[in-house]
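Throughout, numbering of the chain's residues begins at 1 and tracks the sequence. What's counted below: heavy atoms across the whole structure, side chains too, no hydrogens, waters or symmetry copies.
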Amino acid sequence: METPSGTRFLIVEQKGRDIWRGRSKSIAEAIERGEAGIGVDRELLRRAPQHNVSVVMVVVEEQRRIFLTPIDDFDDAELYRTKADYRGRAHRVLPYTRYTNKFLGPSLRKRKRTANKVEC
C-alpha cells in the first residue's frame, strides 16, 4: 500500500496469540514487565526492500489495533530478537514499545445472539 505522500507500507495481519509475551500469562502482564513484542516473518522482511517499503503495519483484528514501526528497526541487531512461532516460522520480534499503537474502534461485525430457549 502507498500513501499519497509516497510512503509504502508492508501490511501484516496477525492474531492476538502472535504477540510475544515471554513467560507472562497475559499480554497485559507482559507489557507491564516490558517482555511483550510483535514479530514479523523474516521472509516478508527479506522481500520488502524489493518494493521500497519504509513502514511495517501489523494489524491485530482481535484487539482492533494496528501497530506501526519503521522497517529499519528490523535491521538493528540491538533491537530485534529472532524467535520461532508455534508453527515453526522464524520471526524478527521487536519490543512492544517500538511500535506506535492505534485503536481502530468497536467492531463493525454483527454479533451472534443466542436466544434463551424456554421449555415448557
Side-chain angles (χ1 to χ4, degrees):
M1 183 172 112
E2 186 173 347
T3 64
S5 66
T7 304
R8 289 184 156 211
F9 289 91
L10 170 65
I11 301 173
V12 180
E13 186 176 353
Q14 292 189 348
K15 299 193 181 299
R17 67 177 180 239
D18 292 333
I19 295 178
W20 300 88
R21 59 180 197 270
R23 298 185 184 274
S24 302
K25 292 181 181 178
S26 69
I27 294 170
E29 183 181 326
I31 292 169
E32 267 184 37
R33 290 180 170 181
E35 296 175 351
I38 300 174
V40 176
D41 187 86
R42 282 190 350 195
E43 281 299 308
L44 288 176
L45 292 171
R46 189 181 60 79
R47 291 187 218 146
Q50 299 170 0
H51 303 285
N52 297 324
V53 172
S54 59
V55 176
V56 175
M57 176 190 300
V58 179
V59 179
V60 183
E61 179 70 28
E62 295 166 347
Q63 295 182 353
R64 305 287 303 148
R65 294 191 178 278
I66 59 171
F67 299 91
L68 301 164
T69 192
I71 198 159
D72 295 335
D73 285 355
F74 289 99
D75 292 329
D76 188 348
E78 294 180 6
L79 289 178
Y80 75 84
R81 296 173 301 204
T82 301
K83 297 196 177 223
D85 68 0
Y86 60 94
R87 293 168 286 204
R89 304 258 336 199
H91 283 73
R92 284 194 176 172
V93 179
L94 287 177
Y96 189 86
T97 55
R98 294 297 298 185
Y99 289 88
T100 301
N101 177 350
K102 301 289 181 189
F103 181 64
L104 297 175
S107 177
L108 299 176
R109 292 183 186 173
K110 288 185 177 180
R111 295 184 182 193
K112 293 181 182 177
R113 290 189 174 194
T114 55
N116 293 334
K117 295 181 181 179
V118 179
E119 295 185 28
C120 299

Working for side-chain contact (heavy atoms from CB on, under 4.5 Å), residues Arg33 and Ile31 = CA-CA 5 Å; Arg33 290 180 170 181; Ile31 292 169; over 6 Å; no
Just wondering, do Pro70 and Val55 contact through their side chains at under 4.5 Å, heavy atoms?
-> no
Answer whether the closest heavy-atom distance between the side chains of Val93 and Tyr80 falls below 4.5 Å.
-> no
Do Leu44 and Ile19 belong to the same hydrophobic cluster, where Ile, Leu, Val, Met, Phe, Trp and Tyr are linked whenever their side-chain heavy atoms lie under 4.5 Å apart, directly or via other members?
-> yes
Should Leu79 and Val12 be regarded as members of a common hydrophobic cluster, given that ILVMFWY residues are connected when their side-chain heavy atoms come within less than 4.5 Å of each other, either directly or indirectly?
-> yes
To the nearest 0.5 angstrom, please state how far the [atom1] atom of [X] sits from the [atom2] atom of [Y].
X     : Y     : atom1 : atom2 : answer
Arg92 : Asp73 : CZ    : CG    : 12.0 Å
Arg21 : Arg23 : CZ    : CZ    : 12.0 Å
Arg8  : His51 : CZ    : NE2   : 8.5 Å
Glu61 : Lys15 : CD    : NZ    : 9.0 Å
Ile38 : Arg98 : CD1   : CZ    : 13.0 Å
Leu45 : Asp75 : CG    : CG    : 8.0 Å

Counting only heavy atoms not in Arg65, do more than 12 fall under 6.0 Å of its CZ?
-> yes
Contacts of Tyr96 that satisfy ring pair (Phe, Tyr, Trp, His ring centres under 6.0 Å) - sequence neighbours left out |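 For Tyr96 the ring pair (Phe, Tyr, Trp, His ring centres under 6.0 Å) partners, ignoring immediate neighbours, are Phe67.
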So, Glu43 side chain and His91 main chain: donor-acceptor pair closer than 3.5 Å or not?
->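 No, the answer is negative, given that no donor and acceptor are paired below the 3.5 Å cut-off.
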If you look at every heavy atom in [X] and [Y], which pair is closest and at what distance?
X     : Y      : value
Thr69 : Tyr99  : CG2-CE2, 3.4 Å
Ala30 : Ser24  : CA-OG, 3.5 Å
Val53 : Ile71  : O-CG2, 3.5 Å
Arg81 : Glu35  : NH2-O, 4.0 Å
Ala48 : Leu10  : CB-CD2, 4.5 Å
Arg64 : Phe103 : O-CD1, 3.4 Å

Considering the options Val60, Val59, Val58, Asn101, which one meets the side chain to side chain contact (heavy atoms under 4.5 Å, CB included) requirement together with Ile66?
-> Val59
